[in-house]
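Only one structure is covered here, and it is reproduced in the block below.
If you're wondering where the values come from, they're calculated on a predicted model, not measured in any experiment. All values below were derived from every heavy atom in this structure, side-chain atoms included, with hydrogens, water molecules and symmetry-related copies excluded.
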Amino acid sequence: MAVTAPESTATDDTPARRRRNWRPWLLRLALAAASGFVFYLSFAPRPLWWLAPIAFAGLGFALRGRRLWGGLGYGFVFGLSLYLPLLTWLQDFLGAEFGPWPWLGLSAALAAYLGIGGALATLAARLPGGPVWMSLVVIATETPRTWWPLGGFPWGRVAFSQPEGAYTPLASIGGAPLVGFAVVLTGFAVPALVSRLRTPRRALLPAAGVVVPVVAGLALWPTIGTGAQTGSLTVGTVQGNAPNAGLALMDDSATIRANHLAQSDRLAAEIHSGAVPKPDLVVWPETATQMAAGVDPGVDQAVADLGVPTLIGAIYRPAGGGRVQNSEIVWDPRSGPGERYSKQELVPFGEYVPARTIAQWVTPFVDDTGDMQPGTGPSVLDVAGTRVTAPICYEIAYDYVAREGVDLGAQLIVLPTNNAWYGESEMSYQQLAMARLRAVEHSRAVVVSATSGVSAIVEPDGSIQRSTSEFTAASLVGRVPLRDTTTLSDRLGAWTEYGLVGAALVAVLAGVVVRLRTRRASAENTTRATGAG
């Protein structure tokens, strides 16, 4: 019997039919865009951590049943709706000189990773337990973007939306990668659960994907220790404040220095009058002064007046010349400067200019900007009888910096930072959220000392003991516990991340195999049907 085409084929290309075909695509696109913006809303300063899994549930619905190119597009739109609002502070920093192009370009580059994640997730979705493999794929894309573009940019990782809430304790087990995986899995399991509600037995696995990550996180909260194990330390911070001038602050270092000397004097007066307890350690923020070869009579006098060891954040020029470094220096009130740690992960366009020849086409600003010299040693310093790790500003976003310090015996995390470049934006709060997650990850208190805010003292469970506001001169004095416990996250180190990436690669390859087999089986069925006809 001959096979004939259905008569309705002639009407398949009518305008009404074409409009109906576009509607699902537009709805999915709108859902992906809305979900990306919902994900943005889960980040600090809003305490809306629970929006993150809802956002990935929305993305999961958009990706459901899609193929590679559809996943790429929906994932990219999701990422763009996240990063464009999340990174608006780049306009405060670079906008005056560079226009919107760095902000738009970086947002698009980071969104491309989520686009790739969305595309590869459509392959992993074909496997049994699809939401698990899809989540692994999305989190795996966070690893290469710590390398590229511009030397990597880990900002906006899923885990950084979780400084508090049900998922936070998982950081003590597997760090930021495990927290991110748990959040995405909860979201991606929702579409699978909804599709199987009519068959309860088949709904058990996706229901577990929704519930288990939340329950696991909540069950771990009682294990998060906050008590002192090796004594405690009274710590003070100096927030001198700075003009809200964006990138122009590079030409106003004298004002920043004067402000911090003045605030240090005020703190010293409060200490001597008994208004605040005498600290064991005082922390200045990043790049609060400039000095050559550790010589600075003004800082020497300020530390002598405080009468306690102080960590000084400085733009440091080595003896004999050479490129400057962004350093944190141990300064003793009697003997002066001692150990020094220099920032390893430098900020593109702020501390060095990548692709300088190309950048010169966009703005002549780069001609007046020199490249700093990155540090090479681990972030660990001995001060006030205590070993501390001091990731500088941007470095808190990188897993290895604080982890290396803790592995080398640091009992406290200190975060000196200069966020004055970024105006009254969400940037400082986003960074503080990272510090809170690191506190839980390493079971250490964190002292954040910022040039213009937000400075904070963070307990080992991520809670904020006290904090300042932005663009004010202020000091904090508080007592923090010293801890030497080693979390499972510290013991596993980068292997958690490598394991998740490896599993994601296996899932993608398996998904490719399944897709090829499906195509082959479909072709064979078509051949048999044609032969039978």
Is a donor on one side and an acceptor on the other found under 3.5 Å between the side chain of R466 and the backbone of L476? no
Show your reasoning for whether side chain to side chain contact (heavy atoms under 4.5 Å, CB included) applies to V401 and I396. CA-CA 7 Å; V401 181; I396 198 68; over 6 Å; no
Contacts of W103 meeting ring pair (Phe, Tyr, Trp, His ring centres under 6.0 Å) (sequence neighbours excluded), chain-then-number -> none
Less than 4.5 Å apart, any side-chain heavy atom of V190 and any of V210? yes
Residues passing the side-chain contact (heavy atoms from CB on, under 4.5 Å) test with T141, sequence neighbours excluded, are Y113
Sidechain-backbone polar pair: R483 side chain, Q411 backbone, donor-acceptor under 3.5 Å: no
By ring pair (Phe, Tyr, Trp, His ring centres under 6.0 Å) - contacts of Y429 (at least two apart): none
All N/O donor-acceptor pairs, side-chain side in residues 213-223, below 3.5 Å, sequence neighbours left out:
| from | atom 1 | to | atom 2 | distance (Å) |
| --- | --- | --- | --- | --- |
| W221 | NE1 | G165 | O | 3.2 |
| T223 | OG1 | L220 | O | 2.6 |

R202 and S195: side-chain donor and acceptor closer than 3.5 Å? no
Quick one: list whatever passes salt bridge (charged side-chain N to carboxylate O under 4.0 Å, His left out) with E328, sequence neighbours left out. none
Which pairs pass ring pair (Phe, Tyr, Trp, His ring centres under 6.0 Å) with one or both residues in residues 484-507, sequence neighbours excluded? W495-Y498
Is it true that the side chains of S327 and S342 contain a donor and an acceptor less than 3.5 Å apart? yes
If you measure from CD on Q430 to CG on N419, what distance do you get to the nearest 0.5 Å? 10.0 Å
Using the salt bridge (Lys or Arg N to Asp or Glu O under 4.0 Å) rule, collect all pairs that involve residues 163-180, keeping only residues at least two apart or in two chains. E164-R436
R479: what forms a salt bridge (charged side-chain N to carboxylate O under 4.0 Å, His left out) with it, not counting sequence neighbours? D280
Validation row: V388, I413 side chains within 4.5 angstrom (heavy atoms): no
Taken to the nearest 0.5 Å, the spacing of Q162 CD from Y167 OH works out to 7.0 Å
Could you list the donor-acceptor pairs under 3.5 angstrom formed between side-chain atoms of residues 172-185 and any protein atom two or more places apart in sequence or on another chain?
| from | atom 1 | to | atom 2 | distance (Å) |
| --- | --- | --- | --- | --- |
| S172 | OG | P169 | O | 2.7 |

Taking the side chain as every heavy atom from C-beta outward, state whether L412 and L482 have any pair of such atoms under 4.5 Å apart. yes
When rounded to the nearest 0.5 angstrom, what distance separates CG in D371 from CZ in R323? 6.0 Å
Between E345 and Y400, do the side chains contain an N or O donor and an N or O acceptor separated by less than 3.5 Å? yes
If you measure from OG1 on T237 to CG on L311, what distance do you get to the nearest 0.5 Å? 12.0 Å
Please test F39 against F56 for ring-ring contact (aromatic ring centres under 6.0 Å, His included), starting from the C-alpha separation and ending with a verdict. CA-CA 8 Å; F39 187 27; F56 280 99; 5.0 Å; yes
Give the table of side-chain donor-acceptor pairs shorter than 3.5 Å for residues 68-86, with sequence neighbours excluded, one pair per line with atom names and distance.
| from | atom 1 | to | atom 2 | distance (Å) |
| --- | --- | --- | --- | --- |
| S81 | OG | A33 | O | 3.2 |
| S81 | OG | V77 | O | 3.1 |
| Y83 | OH | R145 | NH2 | 3.1 |

Electrostatic pair D399:R157 at N-O distance under 4.0 angstrom: yes
Residue list, salt bridge (charged side-chain N to carboxylate O under 4.0 Å, His left out) with E426, at least two apart or on another chain: R46
State, without any angle test, whether S452 and Q239 hold a side-chain donor-acceptor pair at a distance under 3.5 Å. no
Once you round to the nearest 0.5 Å, how far does OG1 of T389 lie from CG of L415? 10.0 Å
Sequence neighbours left out, what passes side-chain contact (heavy atoms from CB on, under 4.5 Å) with E459? Give chain and number order. D461, S463, Q465, P481
Spatial distance of atom OG (S428) from atom CG (N418) [nearest 0.5 Å]: 9.0 Å
Taking the inter-plane angle between the rings of F37 and Y40 on a 0 to 90° scale, is it parallel (under 30°), tilted (30 to 60°) or perpendicular (over 60°)? tilted
